[in-house]
Amino acid sequence: MSILFNEKTRTFHLCNDSVSYIMTVLPRGQMAQLYFGRKIHHSEDFSHLLEFSFRPMTSYLYENDGDYTLEHISQEYGVFGSTDYRDPAAEIIHKNGSRISDFRYDSFLIQKGKPCLPGLPATYTEDDSEAQTLTLILKDPVNGLMLKLFYTIFSEGGIIARSAAFMNEGPEDLHLSRAMSLCMDLPDRNYEFVHFSGAWGRERHMKTRVLEQGIQSVGSVRGHSSHNHNPFVILKRPDATEFQGEAIGFSLVYSGNFLAQAEVSTHDETRILLGIHPHWFDWKLEPGETFQTPEAVMVYTDKGLNHMSQTFHKLYQTRLARGYWKDKARPILINNWEATYFDFTEERLMEIASKAKSCGVELFVLDDGWFGGRRHEKAGLGDWVANPGLLPEGITGLAQKIEDIGLKFGLWFEPEMVNKDSDLYRKHPDWILKVPDRSSSHGRFQYVLDFSRTEVVDCIYEMMEKILSEAKVSYIKWDMNRSITECYSAALPADRQGEVFHRYILGVYDLYERLTSKFPKVLFESCASGGARFDPGLLYYAPQGWTSDDTDAAERLKIQYGTSYCYPVSSMGSHVSVTPNHQVFRYTPLHTRANVAYFGTFGYELDLNKLTEDEQEEVKEQIKFMKQYRRLFQFGTFYRLKSPFEGDGTTAWMVVSDDKKETIVGVYKILNGANMPFSRLFLKGLNPDFRYSNSVDGRTHYGDELMNAGLITTSINAGQEIPVCDFDSGLFILKAENELSI
């Protein structure tokens with residue numbers, strides 16, 4: 001790993017064993033991108049990679065420099081209006097109404113390790129030897145604006161983290177109307193644009209489009225990263241597959257409005273922009289003030305999409321998630337929501353918890369409905385005090401009773417929302433986001449608290465801190481069940497209303513930071529009506545997230561498969577729920593529900609008392625099995641083998657231990673078939689010289705056989721001899737024998 005600078009050519013080369021990133025200072029001071037891709041040898045001069053040529057109908061910066069145009073140059077941080085007609089990385093509105101900027105190279109700094117981003121989540125290092133950071137300092141000579149571009153290259157993997165900071169060193173106010181975290185100009189368009197889109201209950205379905213001239217983008221202006229799109233996209237070469245070929249993953253460590261955009265010029269150059277969505281964004285920058293963008297992470301690979309995903313998984317597990325739980329196996333929990341909804345008493349909760357304990361569950365989670373007047377969805381939000389009619393001894397008493405039977409206790413909050421039927425709203429009706437003299441939209445009869453205001457965050461913190469200080473709470477499920485509308489803060493002047501969306505997310509991060517710092521051993525799980533805020537920003541505070549409100553096993557195959565392209569298995573909240581499923585009313589076998597949920601944090605979303613005795617015994621075996629293998633499931637190397645988005649309706653994936661001595665393969669069949677063909681699954685990541693015993697048939701096979709000849713997975717109903725059902729599944733546990741057999 002190194003960052004090399006050639007003073008004569010003013011060229012920077014960031015490189016490690018996997019990747020090279022090369023840029024240079026142009027003759028007039030702008031920064032140009034020369035190369036990003038597979039590691040190449042260092043050279044004293046890469047200037048030949050920069051091409052200038054005259055083109056008709058092109059604008060040129062200087063009369064005496066006839067081919068100096070920014071329109072056809074790959075730039076590090078392009079701005080619009082001075083010969084570059086592409087969408088810009090930044091746009092600044094000056095006091096005179098001008099929007100023209102010209103950032104020119106001033107100086108640089110190279111340092112070991114990685115500086116933090118104040119108030120924002122970001123990847124980090126625990127030792128300075130893990131990374132190096134280049135800071136490029138650019139200045140606009142007219143408006144006094146300083147721009148710092150940060151580049152961190154990690155010692156392993158094709159990882160480069162980027163962000164930008166704007167410092168107003170001039171005498172006048174400026175307004176940032178666009179401030180992207182990343183601008184990447186690539187010399188061709190021979191890519192496919194892969195994104196992960198959907199809606200409530202079907203989050204992160206994989207979508208692939210061929211890049212063409214024009215603009216393609218995904219994003220969110222809902223106040224959160226959303227169910228609809230995810231702040232993660234991939235550019236892959238058309239011939240790239242899961243196991244070979246070039247791909248670049250772009251991930252934004254942010255939980256608010258975002259834009260991920262690919263613009264292909266009519267000369268087939270591609271510009272990638274990633275950052276805060278410019279729609280409704282306007283940040284007033286007074287003299288002496290600084291604005292820091294969120295971090296964007298790029299991962300390059302020439303070894304296929306699985307390798308790209310594994311790089312993200314390792315980085316986000318170990319250098320984004322923090323604290324006590326980041327690398328610990330997660331407790332097996334039961335949540336009462338789908339078992340009771342709002343209809344519960346303390347006695348009923350204890351019945352559910354007691355049965356769960358007898359089956360081997362480790363954590364009981366009390367969901368919505370325990371506080372204030374919350375007996376339905378129209379009241380109570382904002383009043384974080386236990387309802388004495390339900391819990392006579394409060395959360396403290398219930399938590400102690402749960403602890404006394406041998407379980408840990410978890411609790412649900414939705415701290416960012418309020419019902420109008422609540423004491424908090426009656427006392428502070430101006431604390432919601434609301435435009436004066438206009439009606440306020442609601443979602444689920446709730447309104448969004450103005451987390452851009454410190455006093456609002458302080459109030460919610462005090463209520464939550466009191467409960468967590470007094471009661472034995474080991475886990476928090478942090479929910480958020482509606483998008484932002486009427487985004488206006490009564491506490492900000494008119495010329496700062498464009499800041500509210502971003503300030504809101506900073507307030508969310510602030511509350512998370514305070515609580516996780518005060519209660520470092522509490523496991524936080526983020527939730528946003530399921531997966532509406534499943535993003536890297538929240539992984540920094542909560543090492544796991546509720547992947548989707550849709551708990552149906554068949555639907556979860558697509559959701560968890562798509563999620564895995566960026567996010568590790570240890571981050572995916574996944575539970576076994578009742579049938580018929582409460583979202584799609586489908587019947588699936590109990591073993592399939594577990595076989596899907598194992599590849600995640602694992603838990604139950606039902607009342608075990610309502611299962612038959614045989615089903616309860618099956619649950620006990622499931623829990624015993626998960627306890628034996630949960631570290632492998634959650635922290636092993638994950639491989640996608642067969643996609644639910646294509647093919648014959650079969651999904652397959654696997655996890656492999658670090659020492660390659662154990663692997664678990666999951667195979668899932670959606671619909672039954674008649675007289676099905678023979679089938680084999682080609683495994684990955686095994687040691688070719690180990691002999692592995694197969695839990696299904698007891699046979700042993702060399703690793704190279706399993707990877708090249710394949711694991712036989714022919715459906716047991718291929719000849720109609722044994723009755724099986726739709727939505728069937730199976731696990732293959734493969735263990736290496738003690739000695740190598742070569």
Side-chain angles (χ1 to χ4, degrees), residues 201 331-381 383-405 407-414 417 419 444-446 467 471 473-479 481 525 527 529-530 546 548-552 573-585 590 593 597 601-612 615-616 619 623:
I332 296 170
L333 65 84
I334 190 165
N335 185 299
N336 76 295
W337 179 243
E338 289 192 15
T340 67
Y341 296 103
F342 291 114
D343 185 19
F344 63 82
T345 62
E346 185 174 282
E347 181 181 7
R348 177 84 187 281
L349 297 176
M350 291 304 300
E351 289 175 356
I352 295 172
S354 296
K355 175 58 70 173
K357 170 60 180 175
S358 71
C359 290
V361 169
E362 299 163 317
L363 168 69
F364 173 82
V365 179
L366 173 58
D367 211 283
D368 194 358
W370 56 268
F371 50 90
R374 187 72 167 176
R375 302 313 300 141
H376 46 73
E377 62 184 9
K378 295 184 179 181
L381 280 176
D383 298 338
W384 300 108
V385 179
N387 183 330
L390 293 172
L391 307 175
E393 299 173 63
I395 293 299
T396 302
L398 176 62
Q400 186 61 58
K401 292 174 183 177
I402 295 295
E403 287 264 340
D404 288 344
I405 66 172
L407 293 175
K408 295 297 183 181
F409 178 74
L411 191 59
W412 179 95
F413 285 93
E414 191 172 0
M417 304 295 160
N419 291 123
R444 206 188 175 199
F445 304 101
Q446 59 194 50
I467 291 173
V473 178
S474 300
Y475 163 102
I476 293 296
K477 180 180 177 181
W478 182 316
D479 211 343
N481 278 301
E525 177 172 284
C527 177
S529 197
W546 187 225
S548 175
D549 275 348
D550 190 340
T551 56
D552 174 71
S574 52
H575 294 175
V576 176
S577 61
V578 73
T579 57
N581 175 265
H582 286 193
Q583 290 77 47
V584 298
F585 308 103
L590 182 55
R593 285 175 266 159
T601 59
F602 196 73
Y604 291 86
E605 197 85 15
L606 45 75
D607 185 351
L608 294 171
N609 292 289
K610 295 183 177 181
L611 301 186
T612 67
E615 289 173 327
Q616 290 180 17
V619 165
I623 293 172

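Taking 4.5 Å as the limit, some side-chain heavy atom of Tyr475 sits within range of a side-chain heavy atom of Glu525. Looking only at side-chain heavy atoms (C-beta outward), Trp370 and Leu398 stay at 4.5 Å or farther from each other. Considering only heavy atoms from C-beta on, Asn336 stays 4.5 Å or farther from Val365 through its side chain. The side-chain heavy atoms of Asp607 and Glu351, taken from C-beta on, include no pair separated by under 4.5 Å. Between Arg374 and Leu381 the shortest side-chain heavy-atom distance falls below 4.5 Å. Two residues are said to be in side-chain contact when any heavy atoms from C-beta on lie closer than 4.5 Å; Asp367 and Thr340 fail this criterion.
The two atoms that bring Trp546 and Cys527 nearest to each other are CD1-SG, 3.5 Å, heavy atoms only. The nearest pair of heavy atoms linking Arg593 to Ser577 is NH1-O, 2.6 Å. Nearest heavy atom pair, residue Ala597 against residue Val576, reads CB-CG2, 4.0 Å. Between Gly394 and Ala386, the shortest heavy-atom contact is CA-CB, 3.9 Å.
The main-chain N or O of Lys378 is found under 3.5 Å from a side-chain atom of His376 such that the two form a donor-acceptor pair. The backbone N or O of Gly372 sits less than 3.5 Å from a side-chain atom of Asn387, completing a donor-acceptor pair.
Contacts classified as ring pair (Phe, Tyr, Trp, His ring centres under 6.0 Å) and involving residues 341-364 (residues at least two apart or in different chains) are given here: Trp337-Tyr341, Trp337-Phe342, Tyr341-His582. Sorted by first then second residue, the salt bridge (charged side-chain N to carboxylate O under 4.0 Å, His left out) pairs that include residues 389-400, not counting sequence neighbours, are Glu393-Lys401.
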Just distance, no hydrogens or angles: give the donor-acceptor pairs under 3.5 Å from side chains in residues 352-363, sequence neighbours left out.
unit_1	atom_1	unit_2	atom_2	d
Ser354	OG	Met350	O	2.8
Lys355	NZ	Gln616	OE1	3.1
Ser358	OG	Lys355	O	2.6
Glu362	OE1	Ile332	N	2.7
Glu362	OE1	Arg630	NH1	2.7
Glu362	OE2	Arg630	NH2	2.8

I'd like to know whether Ile334 forms a side chain to side chain contact (heavy atoms under 4.5 Å, CB included) with Leu407, so could you lay out the CA-CA distance, the side-chain angles of the two residues, the decisive distance to 0.1 Å, and finally the verdict. CA-CA 10 Å; Ile334 190 165; Leu407 293 175; 5.7 Å; no

Would Leu333 and His575 count as a side chain to side chain contact (heavy atoms under 4.5 Å, CB included) if you check the C-alpha gap in whole Å, the side-chain angles of each, and the deciding distance to 0.1 Å? CA-CA 9 Å; Leu333 65 84; His575 294 175; 3.3 Å; yes

Test log, rule side chain to side chain contact (heavy atoms under 4.5 Å, CB included), inputs Tyr604 and Thr551: CA-CA 10 Å; Tyr604 291 86; Thr551 56; over 6 Å; no

Applying salt bridge (charged side-chain N to carboxylate O under 4.0 Å, His left out) to Arg348 and Asp343, what does each step give before you reach the verdict? CA-CA 9 Å; Arg348 177 84 187 281; Asp343 185 19; 5.4 Å; no

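With rounding to the nearest 0.5 angstrom, the CG atom of Leu590 is 7.0 Å from the CG atom of Leu611. Of the inter-residue distances, the one linking Thr345 atom OG1 with Leu390 atom CG reads 8.0 Å to the nearest 0.5 angstrom. Rounding to the nearest 0.5 Å gives a distance of 9.5 Å between CG of Asn419 and CZ of Phe445.
Here Asn481 pairs with Trp412, Glu414, Arg444, Gln446, Asp479, Ser529 under the side-chain contact (heavy atoms from CB on, under 4.5 Å) rule; sequence neighbours left out. For Val584, the side-chain contact (heavy atoms from CB on, under 4.5 Å) test picks out Asp550, Asp552, Glu555, Asn581, Arg586, with sequence neighbours left out. The side-chain contact (heavy atoms from CB on, under 4.5 Å) test applied to Ala471 returns Ile395, Thr396, Ala399, Val473, not counting sequence neighbours.
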